[in-house]
Number of protein chains: 2
Amino acid sequence: MVDSPGAEPLFDRVCLLGVGLIGSSIARIAKQRGGLARTVVAHAKTPATLARVRELGIADIVEEDAAKAVEGADCVIFCVPVGAYAEVMATVAPHLKPGAIVTDVGSTKMSVIRDLGPLMPPGCHLVPAHPMAGTEYSGPDAGFAELFDGRYTIVTPMPGSDPAAVEKVREFWRRCGAMIETLDPATHDKVVAIVSHLPHLLAFTIVSTADDLAEETKEAVLKFAASGFRDFTRIAASDPTMWRDVFLNNREALLEMLARFTEDAQALGRAVRWGQAEFIEDRIRRGRKIRKGLIDRKQA
Amino acid sequence: MVDSPGAEPLFDRVCLLGVGLIGSSIARIAKQRGGLARTVVAHAKTPATLARVRELGIADIVEEDAAKAVEGADCVIFCVPVGAYAEVMATVAPHLKPGAIVTDVGSTKMSVIRDLGPLMPPGCHLVPAHPMAGTEYSGPDAGFAELFDGRYTIVTPMPGSDPAAVEKVREFWRRCGAMIETLDPATHDKVVAIVSHLPHLLAFTIVSTADDLAEETKEAVLKFAASGFRDFTRIAASDPTMWRDVFLNNREALLEMLARFTEDAQALGRAVRWGQAEFIEDRIRRGRKIRKGLIDRKQA
Ligand SMILES: NC(=O)c1ccc[n+]([C@@H]2O[C@H](COP(=O)([O-])OP(=O)(O)OC[C@H]3O[C@@H](n4cnc5c(N)ncnc54)[C@H](OP(=O)(O)O)[C@@H]3O)[C@@H](O)[C@H]2O)c1
Ligand SMILES: NC(=O)c1ccc[n+]([C@@H]2O[C@H](COP(=O)([O-])OP(=O)(O)OC[C@H]3O[C@@H](n4cnc5c(N)ncnc54)[C@H](OP(=O)(O)O)[C@@H]3O)[C@@H](O)[C@H]2O)c1
């Protein structure tokens with residue numbers, strides 16, 4: 001592993017459980033920028049992915065056995081869909097190196113604590129995290145070293161987390177190019193429910209709704225998918241397994257946001273039905289205000 | 001007016017009623033590319049816009065009186081919000097040149113026929129049209145000559161429309177860089193309801209929903225607006241007057257699509273509540289399929 005000049009690797013051995021979009025981006029950063037790990041071990045589920053990761057040459061060791069993969073690693077990073085955490089943890093937990101840091105990149109955080117927490121060996125440190133960066137692509141070919149640059153990574157330590165372990169995870173993400181924020185896991189899940197999970201649910205739904213239209217209209221929809229709708233289809237092209245797992249593992253927060261949203265959409269629909277021009281304008285104005293807020297924060 | 005070499009102007013005198021994003025883009029094309037009109041007359045409502053259009057120098061004549069603006073024009077193009085059509089038409093109808101073509105750029109088409117049709121002087125020709133191109137910006141500074149390049153313009157002639165007038169309008173948009181499609185007005189309104197109007201309604205709603213969250217969560221939402229949500233806020237930054245008018249003038253089609261969408265969103269929410277993994281995956285897969293359809297059609 002080539003280190004960037006002067007950057008002493010943060011960990012001796014990092015194990016990536018899952019080498020898709022996110023895992024392979026971390027692997028590429030470790031290889032290209034250095035400073036993360038002397039040795040990167042990568043594990044995935046299917047022979048096809050393992051072979052592809054070998055071909056890409058983005059990990060030092062590619063290991064098909066999850067239990068072996070974590071052996072000796074001082075940092076283990078879950079990069080699998082959140083629905084697979086419990087199963088993978090059951091396999092690896094007995095093989096974790098004493099004192100190892102276990103962290104992850106999952107899009108939900110309460111579920112991670114629920115699924116990993118009870119199986120953590122005493123002396124190991126669980127520090128959940130979520131890089132707020134992604135694309136609609138998946139798999140080891142989709143990753144790239146710049147993915148996290150200038151994006152937030154939210155770290156969600158638990159009460160009693162070892163401060164040194166938390167700081168190491170923060171530093172890890174800093175070296176990946178990310179800006180670090182800390183939230184408690186429940187707030188994290190609420191915020192991502194409205195910022196990310198609900199928008200995905202709406203995007204998946206609207207393309208389904210379009211798909212159910214009569215053939216003639218559907219043809220025209222595809223033809224004129226221009227501005228509004230096209231953005232939705234981009235979001236809607238995301239990975240089914242990952243998003244199924246996200247929805248099922250952030251159920252409460254997502255359903256709460258969907259309920260609020262549905263009420264608001266119905267209210268706007270009602271205003272359209274009854275010609276309540278001012279109500280409609282007020283709703284649209286709020287959109288501009290929020291957008292302006294984002295621009296002021298350089299988030300737009 | 002400088003004509004592009006060899007392009008004989010299609011019209012002698014074109015009158016733009018409204019010089020916002022769309023109207024000022026047409027004016028810029030007429031000036032920069034030629035081939036549209038020997039003389040462009042521009043009318044807007046407020047002194048501020050009239051003064052700005054004069055300053056920009058994008059029209060040959062800037063006329064504050066709508067009735068005078070249309071005088072002698074062989075083509076009059078409504079580029080005002082669709083809710084203003086009836087009022088503007090009442091003013092200009094008695095002053096239309098005999099044989100003039102009246103066309104428009106409005107985002108709804110049934111309402112245009114409803115509002116302009118009855119006031120059309122005999123011998124004048126109504127040919128509604130809708131360029132499927134836009135941005136979230138408005139006003140005369142927002143326009144640019146490339147806006148319609150490679151985008152569809154949908155022409156919605158009525159039974160009995162004069163074929164020569166329809167062909168002139170088609171040619172007008174071809175010279176603006178657009179690809180031309182023909183739809184009947186009712187189909188147009190349904191298609192844009194799902195392709196454009198419903199996505200806007202959803203975007204306005206989700207930012208409103210976020211705006212109603214408790215202060216702490218709202219702060220975090222702005223901070224982490226990353227991928228999904230940010231796209232929605234861009235759409236949601238659109239002009240309140242224009243969109244209020246679009247919603248109110250495509251009421252039936254929009255409410256129908258909202259009802260279908262709401263059913264589908266509830267069904268997906270229900271699947272999340274009850275852990276129906278396969279139903280969720282199926283919905284997400286349909287998104288990918290539609291996206292692929294768009295990519296195959298080069299619409300994505
Ligand atoms: N995509 C985003 O936009 C994004 C953003 C932030 C966070 N995240 C989170 O990051 C995590 C990974 O997402 P991703 O986009 O990188 O997914 P991805 O590209 O689909 O990759 C998933 C990886 O996990 C492996 N995997 C799946 N099930 C496994 C199992 N039971 N045992 C071992 N390996 C398994 C897969 O291996 P095979 O290929 O062999 O199946 C693959 O290498 C998810 O938790 C997601 O919530 C995603
Ligand atoms: N924006 C899009 O994405 C888009 C795309 C396709 C079609 N369209 C359609 O194009 C039309 C114009 O939209 P736009 O985006 O260009 O809007 P815009 O930028 O807001 O411009 C509207 C123009 O109409 C003028 N106007 C408004 N009320 C008027 C009245 N009563 N009498 C005379 N002039 C009046 C305004 O003048 P003042 O500035 O003086 O008020 C302004 O020049 C709308 O019908 C819209 O549905 C829009």
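Lettering of chains follows the sequences in order, A, B, ..., and the numbering in each one begins at 1.
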Determine the minimum heavy-atom distance between [X] and [Y], stating which atoms define it.
X: A/Phe229; Y: B/Ile194; answer: CD1-O, 3.8 Å
X: B/Ala277; Y: A/Leu248; answer: CB-CD1, 4.2 Å
X: B/Val195; Y: A/Phe224; answer: CG1-O, 2.9 Å
X: A/Gly275; Y: B/Arg251; answer: N-NH1, 3.9 Å
X: A/Arg260; Y: B/Asp212; answer: NH1-O, 4.3 Å
X: A/Ala220; Y: B/Val191; answer: CB-CG2, 3.5 Å

Excluding sequence neighbours, so at least two apart, what forms side-chain contact (heavy atoms from CB on, under 4.5 Å) with B/Thr182?
B/Pro157, B/Arg170
Tell me, side chain or backbone of [X] under 4.5 Å from chain B's heavy atoms, or both, or neither?
X: A/Ser208; result: both
X: A/Thr187; result: side chain
X: A/Glu263; result: neither
X: A/Ile284; result: both

Can you see whether B/Asp264 engages A/Thr209 through a side-chain donor-acceptor pair at a distance of less than 3.5 angstrom?
yes
Assess whether a salt bridge exists between B/Asp211 and A/Lys289, defined as any Lys/Arg side-chain N lying under 4.0 Å from an Asp/Glu carboxylate O.
yes
I need the [X] [atom1] to [Y] [atom2] distance, nearest 0.5 Å.
X: A/Leu198; Y: B/Ile206; atom1: CG; atom2: CD1; value: 4.0 Å
X: B/Asp239; Y: A/Glu281; atom1: CG; atom2: CD; value: 9.5 Å
X: A/Leu222; Y: B/Arg291; atom1: CG; atom2: CZ; value: 12.0 Å
X: B/Leu268; Y: A/Leu201; atom1: CG; atom2: CG; value: 4.0 Å
X: A/Arg234; Y: B/Ile295; atom1: CZ; atom2: CD1; value: 11.0 Å
X: B/Phe204; Y: A/Asp282; atom1: CZ; atom2: CG; value: 12.0 Å

So, applying side-chain contact (heavy atoms from CB on, under 4.5 Å) with A/Leu294, which one of B/Val221, B/Thr233, B/Val207 is it?
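Checked B/Val221, B/Thr233, B/Val207 against A/Leu294; only one passes side-chain contact (heavy atoms from CB on, under 4.5 Å): B/Thr233.
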Does the side chain of [X] reach to within under 4.5 Å of the side chain of [Y], using non-hydrogen atoms?
X: B/Ile235; Y: A/Phe232; answer: yes
X: A/Met179; Y: B/Lys223; answer: no
X: A/Leu213; Y: B/Lys190; answer: no
X: B/Arg283; Y: A/Thr205; answer: no

So with a 6.0 Å cut-off around CD of A/Glu216, is the heavy-atom count from everything else above 12?
no
For chain A, find which of [options] contributes the most heavy-atom pairs closer than 4.5 angstrom.
options: B/Arg285, B/Arg273, B/Met257; value: B/Arg273
options: B/Lys292, B/His188, B/Glu219; value: B/Glu219
options: B/Leu258, B/Leu255, B/Ile280; value: B/Leu255

Output yes when a side-chain donor or acceptor of B/Arg288 lies under 3.5 Å from a complementary backbone atom of A/Ala237, and no otherwise.
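Yes, B/Arg288 side chain to A/Ala237 backbone: donor-acceptor pair under 3.5 Å.
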